[in-house]
Novice: 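Below is a structure I'd like to ask you about.
The first residue in the sequence is number 1, and the count goes up from there. Only this structure's heavy atoms are used, side chains among them; waters, hydrogens and symmetry mates stay out.
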Amino acid sequence: MSKPAIFLDRDGVINEDTGYVSQVDDFHFLPGVIEALQLLKKKGYLLIVVTNQSGIARGYFTEDDFMNLTEWMDWSLADRDVDLDGIYFCPHHPDHGVPCDCRKPEPGMLLLAQQELGIDMSRSYMVGDKPSDLEAAANAHVAHRILVKTGKPVTDEGIELADAVYDTLHDFAVAVPVAG
């Protein structure tokens with residue numbers, strides 16, 4: 001049986017978006033995020049991180065840098081009873097290499113997670129801080145698109161693409177129904 005998931009952008013949703021975050025010292029969980037992720041797990045959702053990391057293609061940091069930070073983030077969450085079910089990233093940028101189908105707003109990361117983890121997109125949510133996150137969700141047929149105000153400035157385009165807008169991930173986690 002397929003399962004519902006919460007797809008989460010990373011920078012601006014889980015952590016402060018300070019620009020090309022690639023080192024542990026630069027990674028700061030946003031207030032209330034850990035509690036929000038704990039609540040979403042208790043409500044029965046898979047938690048999937050889907051993140052564009054164009055800093056790799058641009059040469060700002062290496063894929064190893066990203067993987068080291070991701071491992072630290074994953075363990076930091078696991079130590080707080082939050083087990084992420086998947087972490088997917090796009091290392092590409094259209095101006096620095098070949099086109100891909102994984103860079104949001106393309107749906108590649110979400111569709112790969114769906115295939116690998118048996119996700120029911122009709123009962124799933126995408127939480128992002130910018131239009132490309134929500135466009136990726138629409139392109140992957142994720143039923144619910146949520147915009148949070150903790151990252152990039154909220155735009156009219158983002159509001160139009162969103163089914164709902166929340167101040168924080170925690171506000172969304174409180175409001176979302178139990179998976180069923």
Novice: To the nearest 0.5 Å, tell me how far Leu30 CG sits from Ile14 CD1.
Specialist: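 Here the rounded value is 9.0 Å.
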Novice: Check whether any side-chain heavy atom of Tyr166 sits under 4.5 Å from a side-chain heavy atom of Lys149, and report yes or no.
Specialist: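 Not in contact.
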Novice: Is any side-chain heavy atom of Cys90 less than 4.5 Å from a side-chain heavy atom of Met109?
Specialist: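 Touching, per the 4.5 Å side-chain cut-off.
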Novice: In the single-linkage hydrophobic clustering (I, L, V, M, F, W, Y; side-chain heavy atoms under 4.5 Å), do Val176 and Val148 co-cluster?
Specialist: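 Result: yes, single cluster for both.
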Novice: Between Val49 and Val24, is there a shared hydrophobic cluster once you connect ILVMFWY residues whose side-chain heavy atoms come closer than 4.5 Å?
Specialist: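 Both belong to a single hydrophobic cluster.
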Novice: Can you tell me if Asp79 and Ser76 form a side-chain donor-acceptor pair at under 3.5 Å?
Specialist: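 Side-chain D/A pair, Asp79 to Ser76: absent.
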Novice: Could you go through the side chain to side chain contact (heavy atoms under 4.5 Å, CB included) check for Tyr88 and Thr51 one step at a time?
Specialist: CA-CA 6 Å; Tyr88 296 82; Thr51 179; over 6 Å; no
Novice: Rounded to the nearest 0.5 Å, how far apart are CG of Asp81 and CD of Gln38?
Specialist: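 The distance works out to 6.5 Å.
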Novice: Given the rule in the side chain to side chain contact (heavy atoms under 4.5 Å, CB included) test, do Leu77 and Leu84 qualify, once you have shown the distances and angles that lead to the verdict?
Specialist: CA-CA 8 Å; Leu77 291 170; Leu84 297 175; 3.8 Å; yes
Novice: Say you draw a straight line from CG of Asp65 to CD1 of Ile56; how long is it, rounded to the nearest 0.5 Å?
Specialist: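 Answer for the CG-CD1 pair, Asp65 versus Ile56, is 8.5 Å.
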Novice: With side chains defined as the heavy atoms from C-beta onward, is the minimum distance between Leu8 and Ile48 less than 4.5 Å?
Specialist: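 Not in contact.
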Novice: For the residue pair Gly44 and Ala179, what are the closest heavy atoms and their distance?
Specialist: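 Distance-wise, the nearest heavy atoms are O-CB, 3.6 Å.
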Novice: What is the minimum heavy-atom distance between Leu134 and Gly128, and which atoms define it?
Specialist: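 Minimum heavy-atom contact is CD2-N, 4.4 Å.
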Novice: Is there a donor-acceptor pair closer than 3.5 Å between any side-chain N or O of Asp120 and the backbone N or O of Ser2?
Specialist: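 No, because the side chain of Asp120 does not come within donor-acceptor range (under 3.5 Å) of the backbone of Ser2.
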Novice: Could you check Lys152 against Asp129 for salt bridge (Lys or Arg N to Asp or Glu O under 4.0 Å), going step by step and ending with a plain yes or no?
Specialist: CA-CA 6 Å; Lys152 301 288 186 210; Asp129 67 323; 5.9 Å; no
Novice: Mind checking whether Ser124 and Phe7 have side chains closer than 4.5 Å, heavy atoms only?
Specialist: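 Yes. Closest side-chain heavy atoms under 4.5 Å.
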Novice: Output the rest of the hydrophobic cluster of Leu39: all Ile, Leu, Val, Met, Phe, Trp and Tyr residues reachable through side-chain heavy-atom contacts under 4.5 Å, sorted by chain and number.
Specialist: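 Members alongside Leu39: Val174.
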Novice: Carefully, step by step, assess His96 and Arg58 under the rule side chain to side chain donor-acceptor pair (under 3.5 Å).
Specialist: CA-CA 6 Å; His96 301 273; Arg58 295 171 192 254; 4.6 Å; no
Novice: So if you build clusters from Ile, Leu, Val, Met, Phe, Trp, Tyr with side-chain heavy-atom gaps below 4.5 Å, do Leu47 and Leu69 land together?
Specialist: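 Shared cluster, yes.
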Novice: Any side-chain heavy-atom pair from Glu160 and Thr155 closer than 4.5 angstrom?
Specialist: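 When only atoms from C-beta onward are counted, Thr155 and Glu160 do not touch, as no gap falls below 4.5 Å.
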Novice: Between OH of Tyr60 and OG of Ser22, what distance do you get to the nearest 0.5 Å?
Specialist: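 If I round to the nearest 0.5 Å, the distance is 12.0 Å.
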Novice: Could you tell me if the side chain of Val154 sits less than 4.5 Å from the side chain of Ile159, heavy atoms only?
Specialist: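 They are in contact (side-chain heavy atoms under 4.5 Å apart), so the answer is yes.
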Novice: Decide, yes or no, whether a salt bridge links Asp85 with Lys41 under the criterion of side-chain N to carboxylate O below 4.0 Å.
Specialist: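 Yes, charged N to carboxylate O under 4.0 Å.
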Novice: In terms of the angle between their ring planes, are Tyr125 and Tyr45 parallel, tilted or perpendicular, with boundaries placed at 30° and 60°?
Specialist: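 Plane angle over 60°, so perpendicular.
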Novice: Using only atom types and a distance under 3.5 Å, with no angle test, would you say the side chain of Asp74 pairs donor to acceptor with the backbone of Glu71?
Specialist: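 No, because the side chain of Asp74 does not come within donor-acceptor range (under 3.5 Å) of the backbone of Glu71.
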Novice: Which heavy atom of Thr18 sits nearest a heavy atom of Asp26, and at what distance?
Specialist: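 Closest approach of Thr18 to Asp26, heavy atoms only: OG1-O, 3.9 Å.
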Novice: Determine, step by step, whether Val21 and Arg10 satisfy the side chain to side chain contact (heavy atoms under 4.5 Å, CB included) criterion, reporting the C-alpha distance in whole Å, the side-chain angles of both residues, the deciding distance to 0.1 Å, and the verdict.
Specialist: CA-CA 10 Å; Val21 178; Arg10 192 190 78 175; 3.7 Å; yes
Novice: Any idea which heavy atoms bring Thr150 and Gly12 closest together, and the distance?
Specialist: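 Taking every non-hydrogen atom into account, OG1-O, 2.7 Å.
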Novice: Between Asn52 and Ser54, is there a donor-acceptor pair closer than 3.5 Å when you use the side chain of the first and the backbone of the second?
Specialist: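 Checking the backbone N and O of Ser54 against the side chain of Asn52, no donor-acceptor pair under 3.5 Å is found.
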Novice: Of all heavy-atom pairs between Ala173 and Lys43, which one has the smallest distance, and what is that distance?
Specialist: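 Closest pair (atom of Ala173, atom of Lys43, distance): O-NZ, 2.8 Å.
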Novice: According to the salt bridge (Lys or Arg N to Asp or Glu O under 4.0 Å) rule, which pairs have a member within residues 87-108, sequence neighbours left out?
Specialist: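 Every pair satisfying salt bridge (Lys or Arg N to Asp or Glu O under 4.0 Å) with a residue in residues 87-108: Asp9-Lys104, Lys104-Asp133.
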Novice: Could you give me the CA-CA distance, side-chain angles and deciding distance for Gln53 and Phe61, then say whether side chain to side chain contact (heavy atoms under 4.5 Å, CB included) is met?
Specialist: CA-CA 10 Å; Gln53 292 296 319; Phe61 54 91; 3.4 Å; yes
Novice: If we ignore angles and hydrogens, is there a donor and acceptor under 3.5 Å between the side chains of Thr62 and Asp64?
Specialist: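 Checked: Thr62/Asp64 side chains show no N/O donor-acceptor pair below 3.5 Å.
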Novice: Check whether any side-chain heavy atom of Ile119 lies under 4.5 Å from a side-chain heavy atom of Lys3, and answer yes or no.
Specialist: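 Contact flag for Ile119/Lys3 side chains = no.
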Novice: Can you tell me how far CD1 of Ile146 sits from CG of Asp171, rounded to the nearest 0.5 angstrom?
Specialist: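 Output value for this atom pair is 12.0 Å.
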Novice: Would you kindly confirm whether Met73 and Phe89 end up in one hydrophobic cluster when ILVMFWY residues are joined by side chain heavy atoms under 4.5 Å apart?
Specialist: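 Different clusters.
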Novice: Are the side chain of Lys130 and the backbone of Gly158 linked by a donor-acceptor contact shorter than 3.5 Å?
Specialist: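 A pair under 3.5 Å: no.
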Novice: Got a donor-acceptor contact below 3.5 angstrom from the Asn139 side chain to the Pro105 backbone?
Specialist: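 At least one qualifying donor-acceptor pair exists.
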Novice: Should the ring pair Phe29 and Trp72 be called parallel, tilted or perpendicular, given that the plane angle runs from 0 to 90° and is split at 30 and 60?
Specialist: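 Ring orientation, 0 to 90° scale: parallel.
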Novice: State, yes or no, whether a side-chain contact exists between Glu135 and Glu157 at a heavy-atom distance under 4.5 Å.
Specialist: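 Side-chain contact under 4.5 Å: yes.
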Novice: Can you tell me how far CD1 of Ile6 sits from NE2 of His144, rounded to the nearest 0.5 angstrom?
Specialist: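 Rounded to the nearest 0.5 Å, the NE2-CD1 separation comes out at 9.0 Å.
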Novice: Membership question, hydrophobic clusters at under 4.5 Å side-chain separation (ILVMFWY): are Ile87 and Val50 in the same one?
Specialist: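 No, separate clusters.
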Novice: Is it the case that the side chains of Asp11 and Asn15 hold a donor-acceptor pair, with the cut-off being a distance below 3.5 Å and no angle test?
Specialist: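 Looking only at side-chain atoms, Asp11 and Asn15 do form a donor-acceptor pair, the distance falling under 3.5 Å.
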Novice: Closest heavy-atom contact between Met126 and Leu110?
Specialist: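 It is SD-CD2, 4.1 Å.
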